[in-house]
Amino acid sequence: MTDIRELLLSRIRDVADYPEPGVMFKDITPLLADPAAFTALTDALAGIAERTGATKVVGLEARGFILAAPVAVRAGLGFIPVRKAGKLPGATLSQAYDLEYGSAEIEVHAEDLRGEDRVLVVDDVLATGGTAEASLQLIRRAGAEVAGLAVLMELGFLGGRARLEPALTGAPLEALLTV
Ligand SMILES: O=P(O)(O)OC[C@H]1O[C@H](OP(=O)(O)OP(=O)(O)O)[C@H](O)[C@@H]1O
Ligand SMILES: Nc1ncnc2[nH]cnc12
C-alpha cells in the first residue's frame, strides 16, 4: 500500500452498528481533523479531476460537500451541490434512490449543469451505489457529460461498482481506498 493510502486509511474510524445494527460506519471526521491527511486527499482527488478533463465538480450532500468543495477550488473548477430534496430554491431535477440504510431523494439546480459540461462527482463513501447512481442520472438528465466518479472509500462487498457500470457509460470510477 502506498503512503497516501496508509495515511488516509489510518484516519478513517470504523464504528460498528451505526446508524443501525449490522452497518460498519466509516467515519471520516478524524481525517478531516488532520490537515496533512485532508490536504493529501484533496490533492489526490483534484488530480483525478485534472486527469478526467472535468469542467465541473459535483459534491453529494453532506459529506461529499466537505471533500468536493476544496477539490473544485484546487482544480480551478466550479462546484455544484447535489442536495437532499427540498433544500435548493431554484428549478430542480430530482431523483429518488435507496441507501444501505433507508431511502432518499436528491436534487440539483437544473441551470447549474449544461450540455458542454464534463462533470466529476466526488463523495466520501461508495456503498450500494444508490446515491452515486442517482447523481449520475441527474447529470445526464441535465444534458451534461459524466467525466467520472471519485470516492475516498469503496465498500467493495456491497457491489456498488457493478451497479454503477451502466450509469457510468465508460467513465472511470476511481476509489482511493477499497475495503
Ligand atoms: O452508496 P450508497 O449506498 O448510496 O451510500 C453512500 C452514501 O451514503 C452516505 O451519505 P448519507 O446519505 O448517509 O448522507 P450524509 O453524507 O448526509 O451523512 C455517503 O456519504 C454516500 O453519499
Ligand atoms: N458504511 C458506511 N459508512 C459510511 N458511510 C456510508 N454510507 C453508506 N454506507 C456507509
Side-chain angles (χ1 to χ4, degrees), residues 5 8-34 37-38 41-42 44-45 48-49 54 56-72 79-88 92-109 112-113 119-141 146-169 171-179:
R5 286 187 179 154
L8 297 176
L9 193 58
S10 73
R11 299 295 188 272
I12 297 171
R13 175 166 48 204
D14 282 356
V15 183
D17 299 320
Y18 181 88
E20 59 183 44
V23 175
M24 180 62 75
F25 189 81
K26 301 293 181 181
D27 177 21
I28 65 165
T29 60
L31 191 161
L32 302 175
D34 178 340
F38 197 2
L41 171 60
T42 301
L45 294 173
I48 294 170
K56 285 186 176 165
V57 177
V58 154
L60 306 182
E61 187 175 0
R63 282 172 273 152
F65 289 176
I66 303 168
L67 306 195
V71 168
F79 168 76
I80 310 296
V82 164
R83 298 214 60 178
K84 305 272 165 67
K87 300 285 187 181
L88 290 170
T92 56
L93 295 172
S94 303
Q95 191 77 41
Y97 64 102
D98 292 323
L99 275 173
E100 189 184 2
Y101 38 79
S103 65
E105 189 175 354
I106 53 173
E107 294 181 339
V108 68
H109 270 148
D112 279 352
L113 296 173
V119 182
L120 179 71
V121 177
V122 172
D123 206 356
D124 63 334
V125 172
L126 174 67
T128 66
T131 312
E133 182 183 42
S135 72
L136 298 176
Q137 288 164 345
L138 279 182
I139 290 163
R140 292 207 191 280
R141 282 173 53 207
V146 175
L149 168 64
V151 297
L152 166 58
M153 175 171 278
E154 174 182 358
L155 307 184
F157 59 95
L158 289 172
R161 184 174 284 269
R163 173 182 182 163
L164 285 173
E165 211 181 303
L168 280 165
T169 61
L173 161 54
E174 298 214 24
L176 300 180
L177 302 170
T178 302
V179 296

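Remember, it's 1-based here, ligands and their atoms both numbered in the order they're listed. Since this is a predicted model, take the numbers as computed values, not measurements.
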Do other residues, nucleotides or ligands put more than 12 heavy atoms under 6.0 Å from Glu105 CD?
yes
Less than 3.5 Å between some nitrogen or oxygen of Val23 and one of ligand 2, yes or no?
no
Polar atom proximity, Arg63 to ligand 2 (N or O, under 3.5 Å):
yes
Quick look: Asp124 vs ligand 2, heavy-atom contacts under 4.0 Å, and the answer is neither
Under 3.5 Å donor-acceptor, Lys26 side chain and Leu155 backbone
no
Which of these passes side-chain contact (heavy atoms from CB on, under 4.5 Å) with Leu67: Leu60, Asp124, Thr42?
Asp124
Please enumerate all residues that pass side-chain contact (heavy atoms from CB on, under 4.5 Å) together with Ala175, with sequence neighbours excluded.
Val151, Glu154, Arg161, Thr178
side-chain contact (heavy atoms from CB on, under 4.5 Å) partners of Arg11, counting only residues at least two apart
Leu7, Leu31, Asp34, Ala37
May I ask you to check if ligand 1 and [X] share an N or O to N or O distance below 3.5 Å?
X: Tyr97; answer: no
X: Asp98; answer: no
X: Gly64; answer: no
X: Gly129; answer: yes
X: Ala127; answer: yes

Looking only at non-hydrogen atoms, which of Thr128, Leu60, Leu152 approaches atom 3 (O) of ligand 1 most closely?
Thr128
Closer than 4.0 Å to some heavy atom of Glu61 - which atoms of ligand 1 meet that?
16 (O), 17 (O)
Only heavy atoms of Asp124, strictly under 4.0 Å: list the atoms of ligand 1 that pass.
19 (C), 20 (O), 21 (C)
Is the closest heavy atom of Val125 to ligand 1 under 4.0 Å?
yes
Counting from 1, what ligand 2 atoms have a heavy atom of Ala127 closer than 4.0 Å?
8 (C), 9 (N)
Taken to the nearest 0.5 Å, the spacing of His109 NE2 from Leu88 CG works out to 4.5 Å
Here the gap from Thr92 atom OG1 to Ile106 atom CD1, rounded to the nearest 0.5 Å, amounts to 11.5 Å
Thr131 and ligand 1 - part of the residue with a heavy-atom distance under 4.0 Å:
both
Tell me which part of Lys84 gets within contact of ligand 1: side chain, backbone, both or neither, using heavy atoms under 4.0 Å.
side chain
Flag side-chain contact, heavy atom, 4.5 Å: Val121 against Val82:
no
Non-hydrogen side-chain atoms of Thr128 and Tyr97 separated by less than 4.5 Å
no
Under a 3.5 Å cutoff, is there a donor and acceptor pairing between the side chains of Arg140 and Thr169?
yes
